[in-house]
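Accompanying notes for the structure given below.
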Amino acid sequence: MDPRMTELLTPFLKFLNGRELGPDDSLRECGLDSMQSINVLFEIEDVFGISLPDEDITDATFATPATLWTAVSAQLAHQGVSS
């Protein structure tokens with residue numbers, strides 16, 4: 001997972017309590033709510049220069065950093081953007 005993804009997510013995770021974010025941590029349990037998910041989408045657009053397709057904007061995609069990174073990296077590959 002790209003370190004930029006961890007940097008991007010950490011400010012939205014109020015229950016992380018200073019510990020390092022792991023790829024399989026539950027984003028919901030770490031404090032990510034539905035409104036913050038929208039802000040995360042905007043950050044992904046800014047940081048990675050991509051937009052996730054509507055079919056990827058699901059609870060399953062936003063379950064963990066790893067599942068979100070899978071969707072982001074797939075879109076990067078699809079759009080030919082280097083990560």
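- For the atom pair Glu29 CD and Thr64 OG1, the distance stands at 11.5 Å (nearest 0.5 Å).
- Remark: side-chain polar atoms of Gln36 are paired, donor with acceptor, to backbone N or O of Asp33 under 3.5 angstrom.
- The minimum heavy-atom distance between Gly49 and Gln79, with the atom names listed, is O-OE1, 3.9 Å.
- Interatomic distance, Asp24 CG to Thr67 OG1, rounded to the nearest 0.5 Å: 9.0 Å.
- Arg28 approaches Ser37 most closely through the heavy-atom pair NH1-OG, 3.4 Å.
- Put simply, OG1 on Thr61 and CG on Asp56 are 5.0 Å apart, with the number rounded to the nearest 0.5 Å.
- Heavy-atom contacts from other residues, nucleotides or ligands closer than 6.0 Å to CD of Glu20 number 12 or fewer.
- Nearest heavy atoms, Cys30 versus Asp25: SG-CB, 4.1 Å.
- Heavy atoms only, all atoms of each residue included: Pro65 and Pro23 are closest at CD-O, 3.4 Å.
- The two residues Arg4 and Val47 have their closest heavy-atom pair at NH1-O, 3.9 Å.
- Linking Ile, Leu, Val, Met, Phe, Trp and Tyr residues whenever their side-chain heavy atoms come within less than 4.5 Å places Ile57 and Leu76 in a single cluster.
- With rounding to the nearest 0.5 angstrom, the CD atom of Glu7 is 8.5 Å from the CG atom of Asp2.
- For Glu45, the CD atom sits in a packed shell: over 12 heavy atoms of surrounding residues, nucleotides or ligands are nearer than 6.0 Å.
- The shortest side-chain heavy-atom distance between Leu68 and Leu9 falls under the 4.5 Å cut-off.
- Phe42 and Leu8 are members of different hydrophobic clusters when ILVMFWY side chains are connected at heavy-atom separations under 4.5 Å.
- Nearest heavy atoms, Asn17 versus Lys14: OD1-O, 3.7 Å.
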Exercise. Given Phe12 and Glu43, is the side-chain contact (heavy atoms from CB on, under 4.5 Å) satisfied, shown in steps?
Worked result: CA-CA 11 Å; Phe12 296 99; Glu43 288 293 316; 4.0 Å; yes
